[in-house]
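Quick notes on the structure that follows.
In what follows, chains are A, B, ... by sequence order, proteins preceding strands, each numbered from 1.
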Amino acid sequence: MSKSAAKNVGYIAEYMVLVVTIIVVWIVMGSTGHLNPVIMPSPGKVGNTIVSLVASGELWENLAVSVLRVLQGYLLAAVLGIVLGILIGLSHHLDRLTALLIQLIKPIPPIAWIPLVILWFGIGESGKIFLIFLGGFFTILINVIDGIRQTDVKLIEVSKSMETPFLKHIFLMVIPSAAPNIFTGLRTGLSSCWMCVVAAELVSSTTGLGYLIMNARQFGKTDVVIVGMLTIGIIGKIMDSLLRLAEKRVIRWK
Amino acid sequence: MQNHEKEQDYISVQGLHKYFIQRDSEKLQILEDINFGVKKGEVICIVGSSGCGKSTLLRAICGLDTEHSGTVTIDGEEVTGPNRHRGMVFQEHRLFPWLTVAQNVGYVLQGLSKEEKREKVQKYIDLVGLHGFEKSYPRELSGGMAQRAGIARALVNKPSVLFLDEPFGALDAFTKISMQKELKRIQKKSDTTMLLVTHDIDEAVYLADRIIVMSERPGKIRRIVPVELTGHRDRNSYEFVAIRKIIYNEFFDESNGE
Ligand SMILES: Nc1ncnc2c1ncn2[C@@H]1O[C@H](COP(=O)(O)OP(=O)(O)OP(=O)(O)O)[C@@H](O)[C@H]1O
Ligand SMILES: [Mg+2]
């Protein structure tokens, strides 16, 4: 018991080494005057800014707006990505039909879509949600298709030889088999969605973390920029951890 | 040979040839002109050396592989694919890793109430000696336990024909003998027609009504040996040993010594 606790402390310590080192270097450079405060604020300044942004509610407001956008776009991407991925993964016909199109659209970065999206959707919420959707959709789709493809043919044979009804075959055989890939898609898709929300908010928004960062830049407030960046990193990490947790619960057989 | 009896054959294999196309697109003949019939309730064991085409033959008969020439009929109907009333125990256990033992065993059952299903599943899990492992995942089982779960899965739907591909290959000698007994008891009780592939001559003599001995490259039926033992089969009885010797001699020339 105490042995494993000691081990855990060891792991956490190891885990923190790099982060602590970076902060220490940052503090030392700041206090020895090696940092130009306009370009890179000291950790103390950033700390103060966090406190004031939290106190004024500004951070929460923008965070909430961005999280809501991400969740909407992401959910759409996840549902469509999984459903279409399963259909395409199962049907060679659909696969042939869509493969080229997917391969053509996938490498286009969502930022390149922004001009069109503004024309199509205006600068309202729906355009931003569409961009976030685009960011996550293809990653999820492709992982799901791959997962379905990799189903062990020997196990498919077993299910088929039992004349399993279609829906049972899908839910008890195909989806569980692809579950690890589906989760990989869901996790990488989520981080793509975060990248897109910031891009969307940089261009046309008066709310959200992307806006917070862009607005601060115009006034030279690098401390706010850094706080915004850190917030995105932390919230992204938290959401990813939640997904990992869900994955562990769902995939109990590994 | 016995044309009038052909009519009665429950399973009939006629003129079966099977090729595999190799990488260099050359044809490799695996099975050559396989002909035999199986009566309802009969137990046939197929023995032959590794790679001679036993699994391939079994797959062709149960309908998992229909790319062959010749015909296979079961109960008068040509086999065009697998069917859930025919049980299959694969050489590898082929359990679904994401389902528990109980879920794996119950996978084939359809249209039963929860309670009926649970009872059936439990019955066959107990039968193969996996009581207490109902909620285990396949990775938590030993090779022999997984294979037994695979046998329970094949039995649970009370198949009219059972195909078994080296079902006891991964079992220790003791478990193996008790599983052979159990299989024989089930087979007798439900009059299941059975085709079983094995490497184990003793197993074949113990279980079979007739033993098909295969030769290799290409796989052909070298000989069909009837096992005319009535009642309990004592593995050490004179008659048992005599048949074992016949099969043994098909593989190893006596004059070679051992
Ligand atoms: N899908 C395949 N494609 C090409 N060749 C195959 C394929 N499956 C089997 N073979 C070949 O067919 C031959 C017979 O294989 P099979 O699995 O039927 O042997 P077996 O008698 O069951 O052997 P074992 O006792 O080792 O299981 C082998 O030489 C193998 O290389
Ligand atoms: Mg084999």
[X] portion near chain A, given a 4.5 angstrom heavy-atom threshold:
{"X": "Glu140(B)", "result": "neither"}
{"X": "Arg94(B)", "result": "both"}
{"X": "Gln103(B)", "result": "neither"}

Quick check: are there more than 12 heavy atoms from other residues, nucleotides or ligands sitting under 6.0 Å from CD of Glu67(B)? no
Glu134(B) side chain to Gly132(B) main-chain N or O, any donor-acceptor pair under 3.5 Å? yes
Would you confirm whether Ser241(A), through its side chain, and Lys237(A), through its main-chain N or O, come within 3.5 Å as a donor-acceptor pair? yes
Using a distance-only test with no angle check, is there a side-chain donor-acceptor pair under 3.5 angstrom linking Thr198(B) and Glu203(B)? yes
Any donor-acceptor pair under 3.5 Å linking the side-chain atoms of Gln150(A) with those of Asp146(A)? no
Identify which part of Lys168(A) has an atom lying under 4.5 Å from any heavy atom of chain B, answering side chain, backbone, both or neither. both
Only pairs of heavy atoms separated by less than 4.5 Å count here; which of Asn157(B), Leu99(B), Leu95(B), Val108(B) has the most with chain A? Val108(B)
